[in-house]
Engineer: 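Just dropping this structure here.
Treat the numbers as computed from the prediction; the structure is a model and nothing was measured. Only this structure's heavy atoms are used, side chains among them; waters, hydrogens and symmetry mates stay out.
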Amino acid sequence: MDILKGTYKGIFFVALSALFFALNSVFAKIAMQNSNYPGIVMAFGRFILGFIIFSAYVIFKKKNLKPNNVKYIILRAIFNTLTIIFFFISVQFTTITNANMLNMTYPVFVFLMAPYLNKEKVKKVYYSFLVLTMIGYYLIVFPDFNHINKGDVAGLIAGIMAAFAVSSLREARKHDESYLIIFYLMFIGSGITFLLSLPNLEIPTPMVALYIFLSALMGVLGQLFITIGYRYVDSATGALVSASRIIFGVILGVSLFSELLSLRIIIGGILIMISLVGVSGILDRYIYVTEKS
């Protein structure tokens, strides 16, 4: 019973993180619509708030900041920073629906890197899920090669960068604790995005400042809750529940921004969802349990 309660708790926190990550994009979109700020400024806001919060945690808890393996912590920080930058560029130039759908393609790309970065074997059937993902991507973007939406392209790049970030995180966790990885992520991310934001930094109006803060807060809370959630659920369940971010993105995009949801986009989203379920490993576990029983 305690294990079951823990699983429900984990599912709740991972689902909550998916909602906060979707809200992160919503508040960023509103801030950019009401100002001249580009996506890079939204990324800087998220990292600097995270750095302040985790610095306070480290100081209060008197945590050690000496990493055991610097290489993977730096790789995690760089790839995650690139993920956030490209994600907010995607939010800036395309719809909330597309930005969240395309960013969530990252679990499918993780298995491509597993043999090289994580020294893990990959089942050949997973390549079929990659094909489904690319078909879903094509249906969502439906590119007119005379005019390709750079926001949609940025969304896919964000998904690929996220796959590198996750693969690096899996290696980093073998050597260092989560707080240390997140602290350096926020520190390095703040530095990189600050330098890139300098040409666009100016004092925002109070309303825009509020939306930037809310966007950053949602992103930091999303990071916190997904970290908590994965303490109680396995990676397969966590990856599956994380896919609910696509649903939240669609609901928020359609209801708040009146985004058009065509049959083509719906089918593309469903194909990506199927791929996420496939690579999560949840079906393998279900088949194993069925055969055993």
Engineer: So which heavy atom on Ala162 is nearest to which on Thr83, and how close?
Structural biologist: N-OG1, 3.0 Å
Engineer: To the nearest 0.5 Å, what is the distance between CG on Leu156 and CE on Met161?
Structural biologist: 9.5 Å
Engineer: Are side-chain heavy atoms of Met101 and Ile265 found at a separation under 4.5 Å?
Structural biologist: yes
Engineer: Can you see whether Tyr106 has Arg245 sitting over its ring - NZ or CZ less than 6.0 Å from the centre and within 45° of the normal?
Structural biologist: no
Engineer: Could you check whether the rings of Phe79 and Phe164 sit parallel, tilted or perpendicular, using 30° and 60° as the cut-offs?
Structural biologist: parallel
Engineer: Look up atom CG in Asn34 and atom OG1 in Thr205, then write down how far apart they are to the nearest 0.5 Å.
Structural biologist: 7.5 Å
Engineer: May I ask you to establish whether Lys63 and Phe183 are in a cation-pi arrangement, using a distance under 6.0 Å from NZ or CZ to the six-membered ring centre and at most 45° from the ring axis?
Structural biologist: no
Engineer: Taking all heavy atoms of Pro204 and all of Ala209, pick out the closest pair and write down the distance.
Structural biologist: CG-CB, 3.8 Å
Engineer: Between Ser55 and Ile52 (side chain of the first, backbone of the second, donor and acceptor by atom type, cut-off under 3.5 Å), is there such a pair?
Structural biologist: no
Engineer: Quick one: pull up CD1 in Ile157 and CD1 in Ile89 and give me the separation to the nearest 0.5 Å.
Structural biologist: 8.0 Å
Engineer: Please determine whether the number of non-hydrogen atoms from other residues, nucleotides or ligands lying under 6.0 Å from atom CD of Gln33 exceeds 12.
Structural biologist: yes
Engineer: In Å, rounded to the nearest 0.5 Å, how long is the span from CG of Leu252 to CD1 of Ile247?
Structural biologist: 12.0 Å
Engineer: Can you check whether Val250's main-chain N or O pairs, donor with acceptor, with Asn100's side chain at less than 3.5 Å?
Structural biologist: no
Engineer: Would you call Gln223 and Val220 a side-chain contact if the rule is heavy atoms closer than 4.5 Å?
Structural biologist: no
Engineer: Take atom CZ in Phe257; do more than 12 heavy atoms of anything else shown fall under 6.0 Å from it?
Structural biologist: yes
Engineer: At what distance, to the nearest 0.5 angstrom, does CG of Leu217 lie from CZ of Phe27?
Structural biologist: 9.0 Å
Engineer: For Phe20 and Phe225, I'd like to know if the aromatic rings sit close, meaning centre-to-centre distance below 6.0 Å.
Structural biologist: yes
Engineer: May I ask you to check whether Phe47 and Phe187 place their ring centres under 6.0 Å from each other?
Structural biologist: no
Engineer: Which atom pair, heavy atoms only, marks the closest approach of Ser190 to Phe51?
Structural biologist: OG-CB, 3.6 Å
Engineer: Would you call Phe194 and Leu201 a side-chain contact if the rule is heavy atoms closer than 4.5 Å?
Structural biologist: yes
Engineer: Can you name the closest pair of heavy atoms from Phe44 and Ser197 and give their distance?
Structural biologist: CB-OG, 3.6 Å
Engineer: Between Leu210 and Met207, is any pair of side-chain heavy atoms under 4.5 Å apart?
Structural biologist: yes
Engineer: Any donor-acceptor pair under 3.5 Å linking the side chain of Asn80 with the backbone of Arg76?
Structural biologist: no
Engineer: Examine the side chains of Ser90 and Asn103 and answer whether a donor and an acceptor come within less than 3.5 Å of each other.
Structural biologist: no
Engineer: Does Asn24 reach the side chain of Arg46, with side-chain heavy atoms less than 4.5 Å apart?
Structural biologist: yes
Engineer: Rounded to the nearest 0.5 Å, how far does CG of Leu185 lie from OG of Ser168?
Structural biologist: 11.5 Å
Engineer: For Leu65, does its backbone N or O pair with a side-chain atom of Tyr184 as donor and acceptor, under 3.5 Å?
Structural biologist: yes
Engineer: Hydrophobic clusters here meaning ILVMFWY residues chained together by side-chain heavy-atom distances under 4.5 Å, can you tell me if Met273 and Leu263 are in one?
Structural biologist: yes
Engineer: Check the surroundings of atom CG in Leu198: do more than 12 heavy atoms from other residues, nucleotides or ligands lie under 6.0 Å from it?
Structural biologist: yes
Engineer: How close do Arg264 and Leu139 get, heavy atom to heavy atom, and via which atoms?
Structural biologist: NH1-O, 2.5 Å
Engineer: Got a donor-acceptor contact below 3.5 angstrom from the Asn68 side chain to the His175 backbone?
Structural biologist: yes
Engineer: Run the numbers on Ile212 and Val208 for side chain to side chain contact (heavy atoms under 4.5 Å, CB included), then give the verdict.
Structural biologist: CA-CA 6 Å; Ile212 293 175; Val208 170; 3.9 Å; yes
Engineer: With respect to Thr94, which candidate in Thr97, Val91, Asn98, Ile96 satisfies the side chain to side chain contact (heavy atoms under 4.5 Å, CB included) definition?
Structural biologist: Asn98
Engineer: Using every non-hydrogen atom in the two residues, find where Ala22 and Phe248 come nearest and quote the distance to one decimal.
Structural biologist: CB-CB, 3.8 Å
Engineer: Do Phe12 and Ile228 make a side-chain contact, defined as non-hydrogen atoms from C-beta onward lying under 4.5 Å apart?
Structural biologist: no
Engineer: Between Gln92 (side chain) and Gly39 (backbone), is there a donor-acceptor pair under 3.5 Å?
Structural biologist: yes
